[in-house]
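This report refers to the structure that appears directly beneath it.
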Amino acid sequence: MSNPLYVPSLILPLSRSSPRSPDSDDVEGTEVATQPSEIGVAASASKFSLKQKSDAIDVKTYAQFFPELRCPDEEPKVKSSKSASLRRRHSLVFRPQSSTLQTNPSKSKLEPKKYLQSSRNKKEPLRSTCSISNIATSTEKVSSDEKLQSSDQHLHNGLCITSNTYFPYHRVAHPDLEQFSCLRVVGSDSRLLSQPMSPATRLEERRATVKDELKRVSKPDNITLLDKVVYDADEILRRLFARKPSLEDFEEFLQRTSHELWPVTTGQLKFDSIFESGNLRKAIQIRPHEYDLLLFSDIGRSMTGQWFYFQITNMQANVPYRFNIINCQKPACFFGRGMQPVCFSLNDAMVLISRGSSSCQNGGWKRKGTNISYYRNNYKDNIPPQKDTEGNRKRDIARFYTLTFTLKFDHADDIVYVAYHFPYTFSTLQGNLLKWKEKAESIEVLFETQTLTQTLAGLPVSLITITGSARPEAPQEKPYVVLTARVHPSESNSSYVMDGVMDFLLSDTQDSRTLLREFVFKIVPMLNPDGVICGNSRCSLAGVDLNRQWTSPSPDIFPTIYHTKNLMDYLHNLGKELYLFVDLHGHSNQKNIFFYGCSPLNDWQRPNIEEEEGFAIFDRRDNGDNGEELTKRIVSAIDSDIDAKGFPLSMKRISSTSTISIRQCSYEVQQVRETCGRVTVWRRFGCPRSYTLESSLCGFDSGPFQGQQMAIGHLHQTGRDLLKALVKQSPKCSSDKSGELPLQNCPDQENPR
């Protein structure tokens, strides 16, 4: 049954890397070399050696990432492609059999804009009454000049992705299309479209839900269940890899395959997740309006799946549909305790655009869902328990959890997307990079975007350098600020905080000009593009948590962490000051927005520090320090502790609507966090202001936004407040504290840590 509102998602061909051959020099396992990035990739992994005491950093390799230190007329020097190859392991990346796309040579020679126009005139399996078109681009690379000169929105869409992935085609969901970019504008008011917390599910309702689940398991013969598979992503992928449809026939092939496998009947929902960041493995209809859903785990892992993002069509209006995601893997979650999934309605988004909405509209996403419950079910992992060498159990049998919620759709035959949190895809980032570049050209700043390295799948990892005028008087004296985000794919809220940071830096206000005059900003907006595209929750394609690899990252398996750390090593070896490091994250088990910092007074490696009569003193029993040296150590530790705790306090005192919760900030350095980014940067480079900024995926239970769910506007404001605090807290920027609130007048100060 055709959908009158159906619009095929954006389809882009991905150039595959050249044929690979095993490296005979590898003795540990089979490795392969990949093609380098056009812009320039860090040099061969074999030329790097990350030592913990004295690194031998390749100066020529990392010097290209510091345009602020070059002479104005000096061109950046990029290593040759022969020495700029990366190495990666066959066993860590899923590669389907031969899936290279063949593009019509005559079309690939057309100008990008003309080719896109000709693509839109092709026959499509289903035409739409909306003003959104199917878009395809040539596999030919487009020059950077053409990227910046063209303002055509379709060309902008086509340039979002020009890299590799493990999937032969790239589809982008409708919320990522340029037509809806006006709904993603960074707003100036965090209260816009913020929604109150969903009422907590009553105990009676939760018990009724669990009882119904028990009846299905214990007495299946007494209950009539459909048990009808209506969507299976595994089967679709198998047919795609077997038949290899052309780009022009790809969307039609998907629709035909779906109809052959699962003929749609009246009232039966239709699902789809074959698009960027999508995650839905299987949908089973168990009752006329109830569906069991299964998610993909992270690639290479069996128990790290929580992120979901899928499309629903063929619905009836004002009919309650119940969805049960039965293989969630986190023991605790805020679903059912105030948090709701987010939904995007194509029909509603078109209405917003027709009204000329230009302010922050949460990207067209809304919090929806009733009768939400989260509980442990009767399913468990089939992997046997692990035991150590002594026979003791290291890992219990993992249990699964069910998230159940009910949705009512306002429009029949609409296209609706349902997600764990507001999605922010790799394509969205690529589009924003172009916008930021164009915005920076209108103001007097040095703004340069480079490719720091490539991921295992060949995706570029962007590095943004932004500082004052392109001709600084004394660039060597400027301290550095390093900001990173999205090391965990499901924490999309960190990307929206980064959007707020970029909006402030390019706002051309007095505060932004002051910051850019006094600091150099190095920003890595997405550390794990592979995981973002594949719809992972926490891991990369290597199947590991990248935020636990900072101590000794491998250039072969963790190139993004390796080169980001080496970038700061290069700064350290040049004698530059790393004034601030912030790694942006999202938190699923706590509310509000808060910092994790590092204090030497709360370090697990402090054998010579004791608490006595309320003061931190050093125990001299085990060493021969004299009084002067001891005093210096005490003063240094206290100063570092003050510096660590001072920045969050400054951010809290920015305004009465600050989103920071001081009482949840923690400065304890735990042993289990020793390999994360903030601890490694603090310990290795001596940066006292090294933080993890955690933004709740749920919302606020204190402060000016108490009782509200997290909105994109809150995240944008957090990014702006982060830099406003840097203006107020740094003595180089301003000594004027008149705009700050006294600490006792700030909300949420009952129990500061």
Quiz item: Any side-chain donor-acceptor pair under 3.5 Å between Gln590 and Gln664?
Solution: yes
Quiz item: Judged by modelled atom types alone, do Asn566 and Tyr62 share a side-chain donor-acceptor pair under 3.5 Å?
Solution: yes
Self-check item: Any residue meeting ring pair (Phe, Tyr, Trp, His ring centres under 6.0 Å) with Phe685, in chain and number order, not counting sequence neighbours
Solution: His572
Practice problem: Using distance alone, with no hydrogens and no angle criterion, decide if Tyr579 and Glu518 have a side-chain donor and acceptor under 3.5 Å apart. | Solution: no
Quiz item: What's the spacing between Ile299 CD1 and Asn536 CG if we round to 0.5 Å?
Solution: 5.0 Å
Quiz item: Do Val481 and Leu515 have side-chain heavy atoms sitting under 4.5 Å apart?
Solution: no
Quiz prompt | Pair Thr467, Lys478: side-chain N/O donor-acceptor within cut-off below 3.5 Å | solution = yes
Self-check item: Gap separating the CG atom of Leu505 from the CG atom of Leu723, nearest 0.5 angstrom
Solution: 5.0 Å
Exercise. Examine the side chains of Ser427 and Glu276 and answer whether a donor and an acceptor come within less than 3.5 Å of each other.
Key: yes
Quiz item: Are any non-hydrogen side-chain atoms of Trp550 and Thr675 less than 4.5 angstrom apart?
Solution: no
Practice problem: Would you name the heavy atoms of Leu697 and Ser490 that are closest together and state the gap between them? | Solution: CD2-O, 4.4 Å
Quiz prompt | Non-hydrogen atoms of Gly719 and Val501 that approach each other most closely | solution = O-CG2, 3.6 Å
Exercise. Mark yes or no for whether Gln729, through its side chain, and Leu726, through its backbone, hold a donor-acceptor pair below 3.5 Å.
Key: no
Quiz prompt | Under 3.5 Å: donor-acceptor pair, side chain of Trp307, backbone of Ser277 | solution = yes
Quiz item: Judged by modelled atom types alone, do Thr509 and Ser512 share a side-chain donor-acceptor pair under 3.5 Å?
Solution: yes
Quiz item: Side-chain contact, heavy-atom cut-off 4.5 Å: Lys652 with Ile654?
Solution: no
Self-check item: Cationic tip of Arg678 above Phe581 ring, under 6.0 Å, 45° of axis
Solution: no
Exercise. Measure from the side-chain N and O atoms of Ser442 to the backbone N and O of Lys439, and report whether any donor-acceptor pair falls under 3.5 Å.
Key: yes
Self-check item: Heavy-atom check, side chain of Phe426 versus side chain of Pro489, under 4.5 Å
Solution: no
Quiz item: Do Val461 and Met526 have side-chain heavy atoms sitting under 4.5 Å apart?
Solution: no
Quiz item: If every non-hydrogen atom of Val681 is compared with every non-hydrogen atom of Met568, which pair is closest and at what distance?
Solution: CG2-CE, 3.7 Å
Quiz item: side chain to side chain contact (heavy atoms under 4.5 Å, CB included) between Asp508 and Arg513: does it pass, once the steps are laid out?
Solution: CA-CA 6 Å; Asp508 200 24; Arg513 290 192 295 268; 3.3 Å; yes
Quiz item: Nearest heavy-atom pair of Pro423 and Tyr496: which atoms, and what distance?
Solution: O-OH, 2.6 Å
Self-check item: Check: Gly677 main-chain N/O paired with Asn547 side-chain donor or acceptor under 3.5 Å
Solution: yes
Exercise. Kindly determine whether Ile464 and Met502 satisfy side chain to side chain contact (heavy atoms under 4.5 Å, CB included), including the steps that lead there.
Key: CA-CA 10 Å; Ile464 301 173; Met502 295 304 302; 4.3 Å; yes
Self-check item: Interatomic distance, Thr484 atom OG1 to Leu584 atom CG [nearest 0.5 angstrom]
Solution: 6.5 Å
Practice problem: Before giving the answer on side chain to side chain donor-acceptor pair (under 3.5 Å), spell out for Thr718 and Thr659 the whole-Å C-alpha distance, their side-chain angles and the decisive distance to 0.1 Å. | Solution: CA-CA 6 Å; Thr718 302; Thr659 57; 2.8 Å; yes
Quiz item: Short question: side chain of Ser537, backbone of Gln306 - any donor-acceptor pair under 3.5 Å?
Solution: yes
Quiz prompt | Glu674/Arg683 salt bridge by N-O under 4.0 Å criterion | solution = yes
Quiz item: Heavy atoms, side chains only, cut-off 4.5 Å: are Thr564 and Phe558 in contact?
Solution: no
Self-check item: Proximity of Phe66 and Tyr570 rings by center, below 6.0 Å
Solution: yes
Quiz item: Distance-only, no hydrogens or angles: does the Lys522 side chain make a donor-acceptor pair with backbone N or O of Tyr480 under 3.5 Å?
Solution: no
Exercise. Determine whether the side chains of Thr449 and Ser462 contain a donor N or O and an acceptor N or O closer than 3.5 Å.
Key: no
Quiz item: What is the distance from atom CG of Asp603 to atom CD of Gln670, rounded to the nearest 0.5 Å?
Solution: 11.0 Å
Exercise. Over all heavy atoms of both residues, which pair between Pro600 and Asp641 is shortest? Give the atoms and the distance, please.
Key: CD-N, 4.1 Å
Exercise. Applying side chain to side chain contact (heavy atoms under 4.5 Å, CB included), name anything that partners Arg301, two or more places apart in sequence or on another chain.
Key: Asp298, Thr304, Cys539
Quiz item: Do the side-chain N and O atoms of Ser696 and Asn592 include a donor-acceptor pair separated by under 3.5 angstrom?
Solution: no
Practice problem: Assess the side chains of Thr455 and Asp530: does a donor N or O sit below 3.5 Å from an acceptor N or O? | Solution: yes
Quiz item: Should Tyr562 and Asp556 count as side-chain neighbours, where that means a heavy-atom distance under 4.5 Å?
Solution: no
Quiz prompt | Sidechain N-carboxylate O distance under 4.0 Å for Lys435, Asp503 | solution = no
Quiz item: Quick one: does Val482's side chain get under 4.5 Å of Leu578's, heavy atoms only?
Solution: yes
Self-check item: Ring centre gap for Tyr596 and His585 strictly below 6.0 Å
Solution: no
Quiz item: Is a side-chain donor or acceptor of Ser695 paired with a backbone partner of Gly586 at a separation under 3.5 angstrom?
Solution: no
Quiz item: Quick one: CG on Leu601 to NZ on Lys645, what's the gap to the nearest 0.5 Å?
Solution: 7.0 Å
Exercise. For residues Arg720 and Gly500, report the shortest heavy-atom separation together with the two atoms involved.
Key: CG-O, 3.5 Å
Practice problem: For Thr560 and Leu527, indicate whether the former's side chain and the latter's backbone hold a donor-acceptor pair under 3.5 Å. | Solution: yes
Self-check item: Derivation of the side chain to side chain contact (heavy atoms under 4.5 Å, CB included) call for Tyr424 and Leu715
Solution: CA-CA 13 Å; Tyr424 191 106; Leu715 302 170; over 6 Å; no
Self-check item: Candidate pair Arg684 and Thr551, rule side chain to side chain contact (heavy atoms under 4.5 Å, CB included), full reasoning
Solution: CA-CA 9 Å; Arg684 179 167 176 75; Thr551 302; over 6 Å; no
Quiz item: If you measure from CZ on Arg673 to SG on Cys598, what distance do you get to the nearest 0.5 Å?
Solution: 11.5 Å
Self-check item: Donor-acceptor contact below 3.5 Å, side chain His587 vs main chain Asn589
Solution: yes
Exercise. Examine distances only and state if a side-chain atom of Ser661 and a backbone atom of Phe594 form a donor-acceptor pair shorter than 3.5 Å.
Key: no
